[in-house]
Every structure is written in C-alpha cells, then in structure tokens.
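Lettering of chains follows the sequences in order, A, B, ..., and the numbering in each one begins at 1. Atoms considered below: every heavy atom in the structure, side chains included; atoms not considered: hydrogens, waters and symmetry mates.
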Amino acid sequence: MNYWLVKSEPGSYSWDDLKQKNEEVWDGVRNYQARNFLKEMKLKDPVLFYHSGKDKAIVGIAEVTQEAFPDPKDQDAKDWVAVKIRSERDLKVPVTLDKIKQEDSLSEMLLLKQSRLSVMSVAKEDFETILKLSES
DNA sequence: GCCAACGTTGGC
DNA sequence: GCCAACGTTGGC
C-alpha cells in the first residue's frame, strides 16, 4: 500500500466539497510528475487532503476508489489521467504546514521540497507521523 | 502584494 | 538545443 497527498485551493475545491459529494473525479492535473503519481495510485490507497492558500493544512483523509483512467477533460487525447477519490474521515486536528516544518523527521517530505507539486507520494513513516500529529 | 520556484513558449 | 520572457502556484 502506498500513501499520497493531494492539494487543493479551498476556494476552488475544498475538503467540505469532497465530503458533500462523497466521491470525486480528481482530474485536470497537467504536470508530468503529478501525473506519474496518479498512475501509481492503487485502489484503497490513503490520500491526505491538503488545503493550500490561507489554510495551509492537511485536513482529512480520502481513499482511492478508482485507479488511473484517461482524464475526461483531456481534449487533445494526450496522456493525462484522472483517479477517483472518496472522503474517508476528518483529521481530529488539522496538521498545519507550520507543524510539519517543526517536525524534523518530516523535513524530506515533497510537500516541503516541492511546494508547487499538487499530487505527491508520502512515505509510510511520514504518513504515520502526520496521523500522530493529528491526534493532539 | 511580493517573490521564489518551476514549467512552458518561442525566437534564434 | 539554448535561453529569455512570461505565466502560474503557493508561501510569506
């Protein structure tokens, strides 16, 4: 099992939006590195949901409900893909970017290293650390 | 509002 | 194929 993180600007699509719809097609990704991660996602992989912009925090956990398929928004039939994710649960306490930065063991997270990447993998240990941080 | 990081475009 | 110009993302 692999672990992932997706970013969204809450103004355009928020965690609440996902909870309301339950399941969503995660499409429109137009970055090769992000696309390659989308292609590696497997059914039931956990996905951290991060709010960029004002929030700057991981707010919930989603789950992959459909593996990569051709992005329906891909007009030119390029090789872009989408997945489906479903909201699983809220984090008890959102894990802010500040908190993540304060945690030495998380300093290698792609979230910190590549601020512009919108879909990324998360190491198992890092995933677990974040869960721990979300408990207090 | 600014700026760093980074991706894309287009001229050469 | 290189690189300057420009656009976008996202943190500060």
If you count every heavy atom of other residues, nucleotides or ligands that lies below 6.0 Å from A/Asp104 atom CG, does the total exceed 12? no
The remaining residues in the hydrophobic cluster of A/Val25, counting side-chain heavy-atom contacts under 4.5 Å among Ile, Leu, Val, Met, Phe, Trp and Tyr, are A/Phe69
Applying side chain to side chain donor-acceptor pair (under 3.5 Å) to A/Thr65 and not counting sequence neighbours gives A/Glu23
Here the distance between atom P of C/dT9 and atom CG of A/Leu5, to the nearest Å, is 17 Å
Name every donor-acceptor pair, under 3.5 Å, that has one atom in a side chain of residues 38-45 of chain A and the other anywhere in the protein, sequence neighbours excluded.
from, atom 1, to, atom 2, distance (Å)
A/Lys39, NZ, A/Asp79, OD2, 2.9
A/Asp45, OD1, A/Asn2, N, 3.3
A/Asp45, OD2, A/Trp4, NE1, 2.9
A/Asp45, OD2, A/Lys42, N, 3.0

Its contact letters, B for base, S for sugar-phosphate only and - for none at protein heavy atoms under 4.0 Å, make nucleotides 1-7 of chain B read ----BBS
Hits for side chain to side chain donor-acceptor pair (under 3.5 Å) against A/Trp26, two or more places apart or cross-chain, chain-then-number order -> none
Taken to the nearest whole Å, CG/A/Asp55 to P/C/dG11 is 10 Å
Atom NZ of A/Lys7 and atom C1' of C/dT9 are separated, to the nearest Å, by 8 Å
A/Leu97 CG to C/dG10 C1', in whole Å, measures 10 Å
Separation of C/dG11 atom P from A/Leu111 atom CG, nearest Å, is 7 Å
For residues 121-128 of chain A, dump all side-chain donor-acceptor pairs below 3.5 Å to protein atoms at least two apart in sequence or in another chain.
from, atom 1, to, atom 2, distance (Å)
A/Lys124, NZ, A/Glu128, OE2, 3.0

